[in-house]
Amino acid sequence: MSAPAIALIDCNNFYVSCERLFQPRLEGRPVVVLSNNDGCVVARSQEVRALGVKMGVPWFQIKDLARRHGIIALSSNYTLYADLSNRVMSVLAEFSPRQEIYSIDECFLDLDGFQSLQYGAYGQRIRATIKQWLGLPVCVGIGASKTLAKLANHIAKKRPEYAGVCDLTSLPTALRESLLAQIAVGEVWGVGARTAERLAVLDIASVLDLQRAAPKALRAQFGVVLERTVAELNGEACHTLESIAPPRQQIMVSRSFGSAVYDLESLQQAVTAYVTRAAEKLRRQAGLAGALQVFIRTNPFKPDAPQYQRGLIVPLAVPSDDTRQLLRAAQAGLQRIYRPGFAYQKAGIVLTELIPAAQRPRTLFDDAAAQARSHALMRTLDRINAKMGSHSLRLLGEGWDKSWRMRRERMSQGYTTNWDEIAVARTD
DNA sequence: TCTGGGGTCCTAGGACCC
DNA sequence: TCTGGGGTCCTAGGACCC
């Protein structure tokens with residue numbers, strides 16, 4: 001009987017690695033990828049980390065530093081990252097029958113049954129395969145629980161002597177504990193800055209301290225989440241591997257504007273675009289929304305300017321996935337919360353009370369013919385946009401001028417997703 | 001000038017009911 | 001002076017994640 005083992009494979013500074021794949025000149029140079037509107041740093045190359053640039057820092061705050069050190073900043077190209085992510089995940093799926101895709105650049109694999117191959121060696125094979133087939137660097141962490149696998153991955157990333165793969169299940173106890181004693185408790189999956197601060201007061205500073213802490217006392221002070229984390233650190237798997245992603249409970253689409261927006265019409269256009277996108281996601285998971293929330297807000301980072309923020313939940317008479325009905329609800333809500341005279345910085349919508357389309361409630365007033373027409377129209381819309389590229393067909397309400405559209409001034413191309421921008425090996 | 005977007009889970013407290 | 005007790009449901013907000 002083998003002990004359970006879970007692997008966490010995580011791409012190294014994924015967005016930067018994706019960009020380097022198609023722009024080899026970025027290799028060895030300090031590179032960051034910025035969030036929407038070129039706002040914050042969301043990915044940093046090793047060279048940038050070494051300069052002390054923190055995750056999430058606003059780009060304008062480090063422009064001086066960037067100039068001095070020749071940091072190259074790129075707008076985020078999510079189409080490219082999503083495509084490469086899909087390729088990484090398909091390759092990784094070959095290494096275990098049970099895979100949980102956890103985020104765009106991470107997945108868990110259940111290694112149960114692969115013990116005879118030696119987990120560490122298996123991890124090296126995974127790492128080498130992704131590097132050779134896709135050109136992307138990954139690290140592999142292996143542990144008896146998801147939390148330990150994450151921790152092992154952290155060690156694999158930070159300590160070169162592990163060559164990108166750390167198998168905590170095979171380390172001698174003394175070595176494992178000395179490693180855990182050197183890692184700050186805030187590195188543990190599920191322990192954020194607030195909790196780390198409160199733990200410090202109790203003299204729980206390292207991962208080893210937390211592993212050895214009394215679970216019941218922690219539960220009383222911090223709740224059940226931290227209690228489970230401690231159990232996981234002790235090798236008791238509380239978080240199971242979810243190979244089938246459960247349907248989302250809410251679908252949100254929101255964006256900051258490229259520049260401030262004042263008039264209702266621009267907000268209406270933006271909200272139309274967001275609802276359109278959210279409805280596509282909703283139909284892709286075969287769901288219906290029972291309610292829609294719409295919200296708008298001014299820029300909270302400008303406290304001197306008049307502030308206004310409001311949201312409203314609009315219930316739908318009947319749960320729906322029809323873009324037109326969702327739009328009516330959103331526009332009605334927007335009308336009610338809009339106040340003139342403010343510089344709006346962001347708007348968004350959230351679809352909530354989601355149910356599977358198969359559970360569509362029946363009412364006395366069901367109009368089967370109208371439902372069939374709606375279904376056919378939405379399916380056609382989705383198909384055309386899937387084939388011709390999203391936004392090929394869209395509602396007039398999105399408008400044409402788009403002053404609210406976000407800034408992306410440093411964007412790379414669609415090397416793998418757009419025939420016109422496909423990567424070129426040589427031009428002569 | 002310039003500060004992302006999209007999620008989940010848990011808890012506390014109020015409303016309501018018997 | 002002195003104002004029940006317990007259960008359920010819902011919502012808002014906090015904390016965390018990538």
Side-chain angles (χ1 to χ4, degrees), chain A residues 8-15 32-44 53-64 66 73 75-78 81-82 85 100-108 146-147 150 153-154 185-199 219-229 238-239 242 245-260 270 274 277-278 281-282 285 291 293 295 297-305 309 311 313 315 343 345-354 406-410:
Chain A
L8 188 268
I9 297 94
D10 188 322
C11 300
N12 302 357
N13 40 65
F14 182 56
Y15 297 169
V32 295
V33 174
L34 305 177
S35 64
N36 286 334
N37 280 313
D38 297 340
C40 300
V41 171
V42 292
R44 307 158 293 160
V53 174
K54 299 288 178 225
M55 186 72 168
V57 69
W59 169 236
F60 74 88
Q61 283 178 9
I62 58 161
K63 270 190 176 166
D64 264 0
S75 301
S76 38
N77 184 346
Y78 286 108
Y81 312 149
S85 172
E100 174 183 334
I101 298 171
Y102 178 66
S103 74
I104 193 164
D105 71 334
E106 281 175 73
C107 87
F108 292 104
K146 282 182 168 178
T147 304
K150 287 280 256 184
N153 193 284
H154 173 84
V185 72
E187 300 293 341
V188 173
W189 190 42
V191 178
R194 304 297 299 266
T195 304
E197 226 171 83
R198 290 172 59 202
L199 285 169
R219 176 173 185 144
Q221 266 199 63
F222 295 86
V224 65
V225 176
L226 192 66
E227 185 191 27
R228 282 204 278 262
T229 295
C238 303
H239 302 293
E242 314 270 356
R248 300 264 172 246
Q249 296 176 32
Q250 60 173 49
I251 294 171
M252 165 156 43
V253 177
S254 73
R255 296 278 183 282
S256 299
F257 303 132
S259 54
Y274 304 162
R277 175 86 188 100
K281 289 195 204 175
L282 179 65
Q285 76 167 29
Q293 179 181 6
F295 64 88
R297 71 159 157 83
T298 53
N299 189 344
F301 292 106
K302 289 183 172 170
D304 296 338
Q309 153 173 15
I313 296 174
Q345 180 245 0
K346 182 176 187 169
I349 65 110
V350 191
L351 303 181
T352 56
E353 294 177 33
L354 305 188
M406 51 188 190
R407 282 188 305 276
R408 295 156 112 185
E409 289 165 1
R410 306 153 173 273

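Letters go in sequence order (proteins before strands), and every chain restarts at 1. Note that the coordinates shown come from a computational prediction; the quantities given were computed from them, not determined experimentally.
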message: Is the ring pair Tyr15(A)/Tyr81(A) parallel, tilted or perpendicular, if the boundaries are 30 and 60 degrees?
response: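 Answer is parallel, since the angle falls under 30°.
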Measure from [atom1] on [X] to [atom2] on [N] and round the result to the nearest Å.
X         : N       : atom1 : atom2 : value
Asn12(A)  : dC18(C) : CG    : P     : 15 Å
Leu351(A) : dT8(B)  : CG    : P     : 12 Å
Met55(A)  : dT3(B)  : CE    : P     : 18 Å
Lys146(A) : dC9(B)  : NZ    : P     : 11 Å
Arg407(A) : dG5(B)  : CZ    : P     : 11 Å
Trp59(A)  : dT1(B)  : CH2   : P     : 18 Å
Arg410(A) : dG4(B)  : CZ    : P     : 16 Å
Tyr102(A) : dG6(B)  : OH    : P     : 17 Å

Options [options], nucleotide nearest the side-chain atoms of [X]:
X         : options                  : answer
Phe60(A)  : dC9(B), dG4(B), dC2(B)   : dC2(B)
Arg194(A) : dA15(C), dT11(B), dT3(B) : dA15(C)
Arg248(A) : dC9(B), dC17(C), dG7(B)  : dG7(B)
Glu106(A) : dC10(B), dC18(C), dT8(B) : dC18(C)
Cys40(A)  : dT8(B), dG4(B), dC18(C)  : dG4(B)
Met252(A) : dG6(B), dC18(C), dT3(B)  : dG6(B)
Gln61(A)  : dT3(B), dC18(C), dA15(C) : dT3(B)

With a 4.0 Å cut-off on heavy atoms, is [X] in touch with a base, just the backbone sugar-phosphate, or nothing at all?
X         : result
Ser76(A)  : nothing
Ile251(A) : sugar-phosphate
Val253(A) : sugar-phosphate
Val188(A) : sugar-phosphate
Asp38(A)  : nothing
Arg228(A) : sugar-phosphate

- prompt: With both distances under 3.5 Å as the test, what is the Watson-Crick or G-U wobble partner of dC18(B)?
  reply: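 Because both required distances fall under 3.5 Å, dC18(B) counts as paired with dG5(C).
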query: Does Glu227(A) have any salt bridge (Lys or Arg N to Asp or Glu O under 4.0 Å) partners at least two apart in sequence or in another chain, and if so, which?
result: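 Applying salt bridge (Lys or Arg N to Asp or Glu O under 4.0 Å) to Glu227(A) gives Lys216(A), Arg219(A).
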- request: For Arg44(A) and Val53(A), indicate whether the former's side chain and the latter's backbone hold a donor-acceptor pair under 3.5 Å.
  value: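 Yes; at least one donor-acceptor contact below 3.5 Å.
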field: Heavy-atom donor-acceptor pair, Arg198(A) side chain to Gln221(A) backbone, under 3.5 Å
entry: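 Side chain of Arg198(A) to backbone of Gln221(A), a donor-acceptor pair under 3.5 Å: yes, one is there.
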If you compare every side-chain N and O of [X] against the phosphate oxygens of [N] (OP1, OP2), does one of them come in below 4.0 Å?
X         : N       : value
Arg198(A) : dA15(C) : no
Ser259(A) : dT1(B)  : no
Ser254(A) : dG4(B)  : no
Arg255(A) : dG6(B)  : yes
Lys302(A) : dC2(B)  : yes
Lys346(A) : dG6(B)  : no
Ser256(A) : dG5(B)  : yes
Lys150(A) : dC18(C) : yes

- request: May I ask you to check whether over 12 heavy atoms, not counting those of Lys54(A), lie within 6.0 Å of atom NZ?
  value: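 Check fails, neighbour count at 12 or below.
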- request: Scan Ile9(A), Asp10(A), Asn13(A) and name whichever one has a side chain to side chain contact (heavy atoms under 4.5 Å, CB included) with Asp105(A).
  value: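 The passing option is Asp10(A).
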query: Just wondering, do Asn36(A) and Tyr78(A) contact through their side chains at under 4.5 Å, heavy atoms?
result: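 SC-SC contact between Tyr78(A) and Asn36(A) confirmed.
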